[in-house]
S.K.: 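After the structure tokens below, expect a handful of questions from me.
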Amino acid sequence: MPIRLSSLFLRTLREDPAEAEVESHKLLLRAGYIRRAAPGVYTWLPLGLAVKAKVERIVREEMNRAGAQEVFFPALLPREPYEQTGRWTEYGDNLFRLQDRKKADYLLAPTHEEMFTLLVKDLYSSYKDLPVCLYQIQNKYRDEARPRAGLLRGREFVMKDAYSFDLTDEGLEKSYQAQRDAYERIFTRLGVDYVIVKADAGAMGGSASEEFLSPSPIGEDTFVRSPGGYAANVEAVKTVVPKAMNSDGLPAATVHDTPNTNTIDSLVDFANANHGRGHVWNAAHTLKNVVLALTSPEGKRSLVVVGIPGDREVDAKRAEAAFGPNDVEPATDADFERHPELVKGYIGPVKNGNPLLGLEGEAKVRYLLDPRVVDGTSWISGANVEGKHVFDLVKGRDFNADGIADIAEVRAGDPAPDGSGPLELARGIEIGHVFQLGRKYAQALGLQVLDENGKLQTVTMGSYGIGVTRLVAVLAEANRDDKGLIWPESVSPADVYIVATGKDDSVFEHAERLAAEFEAKGKSVILDDRKVSPGIKFSDAELIGVPHIVICGKGLENGEVDHWNRRSGERRALSLNSVVAELA
RNA sequence: CGGGAUGUGGCUCAACUUGGUAGAGCACCUGUUUUGGGUACAGGGGGUUGCAGGUUCAAAUCCUGUCAUCCCGACCA
């Protein structure tokens with residue numbers, strides 16, 4: 001049966017709803033695909049549900065093809081398994097928690113690692129059972145501090161989550177590759193533009209980790225790519241380390257008075273005004289020492305100083321990734337009070353020729369350096385005295401550090417780590433994530449199987465996610481014009497959209513007959529059989545965005561209908577007899 | 001959690017500065033009209049102005065409190 005607009009539960013809106021900011025969000029609301037039920041929580045209307053179902057079907061087909069098996073978990077889960085993995089507390093405010101009538105704690109699943117792990121543990125106990133890969137396509141719940149852009153970042157959302165279980169690392173590698181391949185097929189079939197970037201495995205404690213990002217100016221993730229094909233999340237970019245240089249013949253380190261130079265800009269200005277050397281000093285000649293406070297998961301606070309070239313800032317995300325699982329924040333006034341030897345604005349590695357920073361130094365504070373600060377490089381840095389800086393301070397000759405911290409910002413033009421050219425920065429929306437979880441959850445929940453030798457082995461896991469509802473938003477964002485949506489054929493709510501226009505009943509009869517013929521060929525049809533003016537019908541057709549529109553009206557006199565390509569805008573007359581064959 | 005903005009029929013907004021008892025467009029209902037680009041006309045239904053308190057003869061409007069939503073940031077498998 002065709003979907004008839006005369007009876008479809010649909011009301012298109014002429015104006016943009018005030019609640020929406022992002023184009024895809026506005027259009028999905030205006031075209032009657034979704035309605036907001038609560039912040040970050042959406043109701044799916046018939047058209048939206050049709051698109052969501054198309055996306056899910058493609059994901060399901062490719063998961064099955066990759067040998068994964070579908071299961072379905074409750075969304076409402078007891079506290080205990082999450083207690084065992086520590087996530088009842090780790091998840092913090094992002095977890096929707098509730099209690100039953102007996103005051104027992106429950107949660108709405110933000111993800112299902114624990115349940116997958118326990119399910120396999122429940123039923124399997126031999127290496128012969130492995131490998132196995134299970135998946136789900138379900139609603140997830142996260143109490144996001146700030147839901148964004150409609151479906152893009154909701155508090156209730158649909159994810160496909162898959163988990164692989166293997167005995168060996170090689171097995172995991174194979175399972176990972178199978179999922180990664182499936183992801184490429186899925187996104188290709190959906191017609192989504194994507195890049196695969198190296199990601200920081202970070203908090204989840206895994207090893208290999210890659211994200212699938214769909215490039216978009218409204219994306220929340222920043223990634224880099226090079227002309228030679230390198231791509232990575234900014235958190236994962238490794239700075240190219242320059243060759244160490246010979247310090248022979250470099251001038252000796254000298255302390256100079258540099259009054260009122262507690263910022264890099266003022267220091268550079270002062271150096272150029274008072275210590276000209278036939279070249280212009282700039283921020284890159286200075287070594288900025290940033291004091292950070294780390295807070296461990298147990299709540300222990302410690303300071304670390306990071307020396308980076310003065311023309312760069314610390315990237316908070318890279319710092320979090322580098323120092324995880326610690327929390328990172330700039331040192332506070334209270335921190336400085338506890339370390340009077342750190343003179344704000346004039347911090348440097350040495351004081352009076354002796355180490356100040358570093359575990360061996362006077363301040364006994366861990367000191368880490370940006371990878372660019374290699375032996376033989378010469379710097380202007382603080383002298384640890386108000387109003388004084390050291391010039392010609394040479395790494396390796398005059399100072400050293402406890403290690404490296406690669407947390408400075410990545411900039412457009414920086415070289416790619418693999419030598420494939422200068423990096424460019426871009427924004428993307430994370431639509432998929434694959435990574436090798438390893439044994440963390442299996443360990444925490446005791447998932448072990450017997451190997452050939454009858455010995456217990458902890459299983460190793462992979463985790464693979466796709467944001468299904470987010471994909472609907474990504475597809476809408478990427479496929480639209482100023483008139484409305486333009487769905488790719490793979491996810492369109494219908495294959496053909498028939499507009500019947502004319503006052504004579506015969507046009508509606510012809511349209512109905514056409515619809516039946518299309519459906520007989522396996523094509524789904526939306527039929528605009530409303531008794532409204534043609535302008536309304538055309539605007540709604542554009543708004544709703546089915547890629548193939550058939551106009552059944554005036555041309556009937558000559559036995560013709562028009563095929564209107566929504567994407568190209570092109571219209572061409574086709575004979576009534578050939579249109580079905582042409583489009584089917 | 002920090003900063004900003006906004007709450008008025010289903011939707012988009014006006015009236016608030018300068019208090020006088022709520023209005024337009026869209027949507028909806030009825031009739032006529034129109035039928036390849038949101039047709040025209042006439043009539044109609046629908047709002048305790050987020051909530052609570054206060055000031056006042058009188059509050060959408062002024063004051064206090066509160067709740068909610070949106071945006072930026074922080075946060076974020």
Side-chain angles (χ1 to χ4, degrees), chain A residues 10-22 25-26 29-30 32 35-41 87 90-95 110-113 140 142-150 152-155 157 159 161-163 199-206 209-212 218 220-221 233 235 316-317 320-321 324 327-330 430-437 440-441 461-467 470 483-484 499-505 507-508 528 530-543 549-557 560-562 564 571 573:
Chain A
L10 171 77
R11 182 113 305 144
T12 56
L13 308 176
R14 194 179 288 206
E15 282 158 309
D16 286 335
E19 73 190 57
E21 198 72 15
V22 171
H25 188 197
K26 288 179 187 169
L29 284 165
R30 280 187 54 209
R35 296 297 295 165
R36 198 193 71 117
V41 182
R87 294 209 299 178
E90 258 175 42
Y91 238 102
D93 289 338
N94 268 14
L95 198 59
T111 169
H112 283 89
E113 276 92 352
K140 310 272 176 155
R142 289 182 203 166
D143 193 1
E144 295 285 351
R146 192 154 91 82
R148 261 194 84 236
L152 214 51
R153 178 173 212 78
R155 297 197 296 169
F157 53 95
M159 281 210 14
D161 251 348
Y163 293 89
D200 173 63
M204 307 305 298
S209 172
E210 289 169 296
E211 281 175 10
F212 288 71
I218 62 165
E220 296 183 288
D221 292 319
N233 206 306
E235 287 103 293
K317 287 197 167 167
E320 290 280 353
D327 263 358
V328 184
E329 61 172 336
E430 182 182 347
I431 51 176
H433 195 169
V434 292
F435 70 102
Q436 301 185 9
L437 245 189
K440 172 176 172 172
Y441 287 93
M461 296 166 58
S463 164
Y464 320 97
I466 288 181
R470 180 178 280 186
K483 297 285 197 334
V499 176
T501 171
K503 56 180 165 183
D504 197 313
D505 280 347
V507 300
F508 293 94
D528 191 349
R530 296 174 298 175
K531 305 260 187 300
V532 297
S533 73
I536 291 176
K537 294 191 177 191
F538 291 139
S539 319
D540 280 345
E542 288 171 311
L543 186 56
I549 302 167
V550 172
I551 306 169
C552 194
K554 222 164 53 174
L556 287 174
E557 295 164 14
E560 285 177 342
V561 294
D562 286 337
W564 181 11
R571 291 191 197 192

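Each chain gets a letter, A, B and so on, in the order the sequences are listed, and its residues count up from 1.
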S.K.: Counting runs of three or more consecutive pairs, Watson-Crick or G-U wobble, with each distance below 3.5 Å, where are the stems of RNA chain B?
M.R.: B:1-7 with B:67-73, B:10-13 with B:23-26, B:28-32 with B:40-44, B:50-54 with B:62-66
S.K.: Quick one: A:Asp504 CG to B:rU34 P, roughly how many Å, whole number?
M.R.: 15 Å
S.K.: Is there a donor-acceptor pair under 3.5 Å between the side chain of A:Asp528 and the backbone N or O of A:Arg530?
M.R.: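 A pair under 3.5 Å: yes.
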S.K.: Measuring only the C1' atom in each nucleotide, how far is B:rU49 from B:rU8? A whole number of Å is fine.
M.R.: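 Their C1' atoms lie roughly 4 Å apart.
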S.K.: When the P atoms of B:rA42 and B:rA5 are considered, how many whole Å apart are they?
M.R.: 42 Å
S.K.: Indicate, with a heavy-atom threshold strictly under 4.0 Å, whether A:Val532 touches base, sugar-phosphate, or nothing.
M.R.: base
S.K.: Need to verify one output field. Residue with the more 5' nearest nucleotide on RNA chain B, A:Arg14 or A:Arg142?
M.R.: A:Arg14
S.K.: For A:Glu542, answer base if it contacts any base atom (sugar-phosphate contacts may also be present), sugar-phosphate if it contacts only those atoms, and nothing otherwise; contact means non-hydrogen atoms under 4.0 Å.
M.R.: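 Touches a base.
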S.K.: Under the side chain to side chain contact (heavy atoms under 4.5 Å, CB included) rule, what do A:Thr501 and A:Lys554 come out as? Steps first, then yes or no, please.
M.R.: CA-CA 8 Å; A:Thr501 171; A:Lys554 222 164 53 174; over 6 Å; no
S.K.: Can you tell me how far NZ of A:Lys26 sits from CG of A:Asp16, rounded to the nearest 0.5 angstrom?
M.R.: 4.5 Å
S.K.: Less than 4.5 Å apart, any side-chain heavy atom of A:Asp562 and any of A:Val550?
M.R.: no
S.K.: Mind checking A:Asp161 for me? I need base, sugar-phosphate or nothing, with any heavy atom below 4.0 Å counting as a touch.
M.R.: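 Counting heavy atoms under 4.0 Å across all strands, the contact made by A:Asp161 includes a base.
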S.K.: If you look at every strand shown and take non-hydrogen atoms under 4.0 Å, does A:Phe212 touch a base, only sugar-phosphate, or nothing?
M.R.: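 A:Phe212: no heavy atom of the nucleic acid under 4.0 Å.
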S.K.: What distance separates A:Ile536 CD1 from A:Lys531 NZ, expressed to the nearest 0.5 Å?
M.R.: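 It is 14.0 Å, given to the nearest 0.5 Å.
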S.K.: Nearest whole angstrom, please: distance from the P of B:rA5 to the CD of A:Glu21.
M.R.: 16 Å
S.K.: Could you give the distance separating B:rA27 and B:rC63 at their P atoms, to the nearest angstrom?
M.R.: 38 Å
S.K.: Side-chain contact, heavy-atom cut-off 4.5 Å: A:His112 with A:Lys140?
M.R.: yes
S.K.: Measure from the side chain of A:Arg146, starting at C-beta and using heavy atoms only, and say which of B:rG38, B:rG36, B:rC72 lies closest.
M.R.: B:rC72
S.K.: Nearest to the side chain of A:Lys503 - B:rC71, B:rU69, B:rU35?
M.R.: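 The answer is B:rU35.
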S.K.: Out of B:rG38, B:rU69, B:rG36, which has the shortest distance to the side chain of A:Arg36?
M.R.: B:rU69
S.K.: Is there a side-chain contact between A:Arg148 and the phosphate of B:rC71, meaning an N or O under 4.0 Å from OP1 or OP2?
M.R.: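 So the side-chain polar atoms of A:Arg148 never come under 4.0 Å of the phosphate oxygens OP1 or OP2 of B:rC71.
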S.K.: For A:Ile536 and B:rU34, give me the distance from atom CD1 to atom P, rounded to whole Å.
M.R.: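 Checked: the CD1 to P distance equals 16 Å.
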S.K.: Which whole-number value in Å describes the distance from A:Glu144 CD to B:rA74 C1'?
M.R.: 13 Å
S.K.: Would you confirm whether A:Arg142, through its side chain, and A:Pro110, through its main-chain N or O, come within 3.5 Å as a donor-acceptor pair?
M.R.: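 Here the side-chain-to-backbone pair exists.
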S.K.: State which of B:rA74, B:rG36, B:rC70 makes the closest approach to the side chain of A:Lys554.
M.R.: B:rG36
S.K.: Whole angstroms only, please: what is the CD-C1' distance between A:Glu557 and B:rU35?
M.R.: 13 Å
S.K.: Dump the intermediate steps for side chain to side chain contact (heavy atoms under 4.5 Å, CB included) on A:Phe538 and A:Ile551, then the final yes or no.
M.R.: CA-CA 9 Å; A:Phe538 291 139; A:Ile551 306 169; 3.8 Å; yes
S.K.: B:rU39 P sits how many Å from A:Lys537 NZ, rounded?
M.R.: 12 Å
S.K.: For B:rG4 versus B:rG10, give the span between their C1' atoms, rounded off to a whole number of Å.
M.R.: 29 Å
S.K.: On RNA chain B, nearest-nucleotide positions of A:Glu560 versus A:Gly465: which is more 5'?
M.R.: A:Glu560
S.K.: Hey, does the side chain of A:Arg30 reach the backbone of A:Leu543 with a donor-acceptor pair shorter than 3.5 angstrom?
M.R.: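 Not a single qualifying donor-acceptor pair exists.
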S.K.: Just to be sure I understand the rule, does A:Gly553 reach a base, reach only the sugar-phosphate, or reach nothing, if contact means heavy atoms closer than 4.0 Å?
M.R.: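 A:Gly553: base contact, heavy atoms under 4.0 Å.
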S.K.: Across the strands shown, which category fits A:Lys317 at heavy-atom distances under 4.0 angstrom: base, sugar-phosphate, nothing?
M.R.: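 Base contact.
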S.K.: Taking the minimum atom-to-atom distance to the side chain of A:Arg11, which one of B:rU69, B:rA27, B:rG38 wins?
M.R.: B:rA27
S.K.: If we take the P atom in both B:rU39 and B:rG2, what is their distance in whole Å?
M.R.: 49 Å
S.K.: When the C1' atoms of B:rC72 and B:rG54 are considered, how many whole Å apart are they?
M.R.: 35 Å
S.K.: CD1 of A:Ile551 versus P of B:rU35: gap in Å, rounded?
M.R.: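 The distance from CD1 of A:Ile551 to P of B:rU35 comes to 18 Å, rounded to the nearest Å.
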S.K.: I need the CD1-C1' distance between A:Ile218 and B:rC72, as an integer number of Å.
M.R.: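 These atoms are roughly 16 Å apart.
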S.K.: Mind checking A:Asp93 for me? I need base, sugar-phosphate or nothing, with any heavy atom below 4.0 Å counting as a touch.
M.R.: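 No contact at all - A:Asp93 keeps every heavy atom at 4.0 Å or more from the nucleic acid.
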S.K.: Ignoring hydrogens, what is the shortest heavy-atom contact between A:Pro39 and A:Arg155? Give both atom names and the distance.
M.R.: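 Shortest heavy-atom contact: O-NE, 2.8 Å.
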S.K.: Let me see the working for A:Leu29 and A:Arg35 under side chain to side chain contact (heavy atoms under 4.5 Å, CB included), right down to the final yes or no.
M.R.: CA-CA 6 Å; A:Leu29 284 165; A:Arg35 296 297 295 165; 4.2 Å; yes
S.K.: In B/S/- notation, 5' to 3', how is nucleotides 7-13 of chain B contacted by protein heavy atoms closer than 4.0 Å?
M.R.: ----BSS
S.K.: Do the side chains of A:Leu152 and A:His25 get nearer than 4.5 Å, heavy atoms only?
M.R.: no
S.K.: If you measure from the P atom in B:rU55 to the same atom in B:rU61, how many Å do you get, rounded?
M.R.: 15 Å
S.K.: Say you pick atom P in B:rG7 and the same atom in B:rC51; how far apart are they, in whole Å?
M.R.: 14 Å
S.K.: B:rU39 phosphate, OP1 or OP2: any side-chain N/O from A:Ser533 under 4.0 angstrom?
M.R.: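 A:Ser533 to B:rU39 OP1/OP2: side-chain N or O found under 4.0 Å.
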